[in-house]
Amino acid sequence: MDVSNDQPVFAAELTPHRSLGRRGFHVVLMLSGGVCFLYGAFFLITGAWPIGFFFGFDFLLLYFALKMSYRSGRAREEVMVSRTHLLIRKFSPAGRMVEHCFNPFWARFRVNRHQEFGITSMYVTGEGRFTDIGSFLNPDDRESFAKAFRGALAAVKQRL
């Protein structure tokens, strides 16, 4: 067995983009918390106490929605192509890993396109199995990944 066959030809780590950083998260919570507190206090003082409590409930819903968004941002995928393996590791936000291994000579890379939006989904098929790749990527990242990944698969298949 030639050791050079196991050297990765292509390796990528795919992660979802988050436009709101940690500092922005704290700023949004402080601003919305201040507004909810002021208006909630106003309605409590004027006698419309149910409305005041709804402002607190709205703030809690916003907090949990942002927390869930950040939790989903911990998902990632590792893609590695060598002459002997095509390995896709998917990590859930909870840290669980699922590994998909294909023979690169039998694997097929499929892309679904929409005329207006570009690539809508990408997946690998082979040996009676399939898995999607980069479902959380934005359209530009999908295009660049698809081009690089397709090139790596072609390079491996050409070097018989």
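Quick note: residue numbers are just sequence positions, from 1.
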Which heavy-atom pair separates A75 from P16 by the least distance, and what is that distance? O-CD, 3.0 Å
Enter the distance from T15:OG1 to L137:CG here, rounded to the nearest 0.5 Å. 8.0 Å
Flag if over 12 foreign heavy atoms under 6.0 Å of CZ, F25: yes
Any non-hydrogen side-chain atom of E78 less than 4.5 Å from a side-chain atom of F91? yes
Side chains of S121 and N112 only: does a donor on one sit below 3.5 Å from an acceptor on the other? yes
Can the positive tip of R110 be found less than 6.0 Å from the middle of the six-membered ring of Y123, inside 45° of the ring normal? no
Mark yes or no for whether R83, through its side chain, and Q7, through its backbone, hold a donor-acceptor pair below 3.5 Å. no
Note: R113-E143 ion pair, threshold 4.0 Å (strictly below): yes
Quick check on side chain to side chain contact (heavy atoms under 4.5 Å, CB included): which of L87, I88, T131 does E99 satisfy it with? L87
Cluster overlap F102 with F10, hydrophobic side-chain contacts below 4.5 Å: yes
Indicate every side-chain donor-acceptor pair of residues 53-70 with a distance under 3.5 Å to a residue at least two apart or in another chain.
residue	atom	partner	partner atom	Å
Y70	OH	L20	O	2.1
Y70	OH	G21	O	2.8

Looking at R142 and I119, would you say the former's side chain and the latter's main chain have a donor-acceptor pair under 3.5 Å? yes
Does the D132 side chain pair with the main chain of S135, one donor and one acceptor, at a distance under 3.5 Å? no
Any sub-3.5 Å donor-acceptor pair from R76's side-chain atoms to S92's backbone N or O? no
Consider only side-chain heavy atoms of I, L, V, M, F, W and Y, link residues closer than 4.5 Å, and tell whether W106 and I133 are in one cluster. no
Please answer whether the main-chain N or O of H100 pairs with a side-chain N or O of R89 as donor and acceptor at a distance below 3.5 Å. no
When you group the ILVMFWY residues by side-chain heavy-atom contacts below 4.5 Å and let the links chain together, are V124 and V98 in the same group? no
Rounded to the nearest 0.5 angstrom, the SG-CZ distance for C101 and R129 is 7.0 Å
Are I51 and F42 grouped together when hydrophobic residues (ILVMFWY) are joined by side-chain heavy atoms under 4.5 angstrom apart? yes
Report yes or no: does E77 contribute a side-chain atom to a donor-acceptor pair with the main-chain N or O of G134 at less than 3.5 Å? yes
Do you know the tightest heavy-atom contact between V156 and P104? CG1-CB, 4.0 Å
Does F109 form a side chain to side chain contact (heavy atoms under 4.5 Å, CB included) with M122? I'd like the steps, not just the answer. CA-CA 7 Å; F109 181 55; M122 304 178 290; 3.9 Å; yes
Linked, directly or transitively: L86 and M80 (ILVMFWY side chains, under 4.5 Å): no
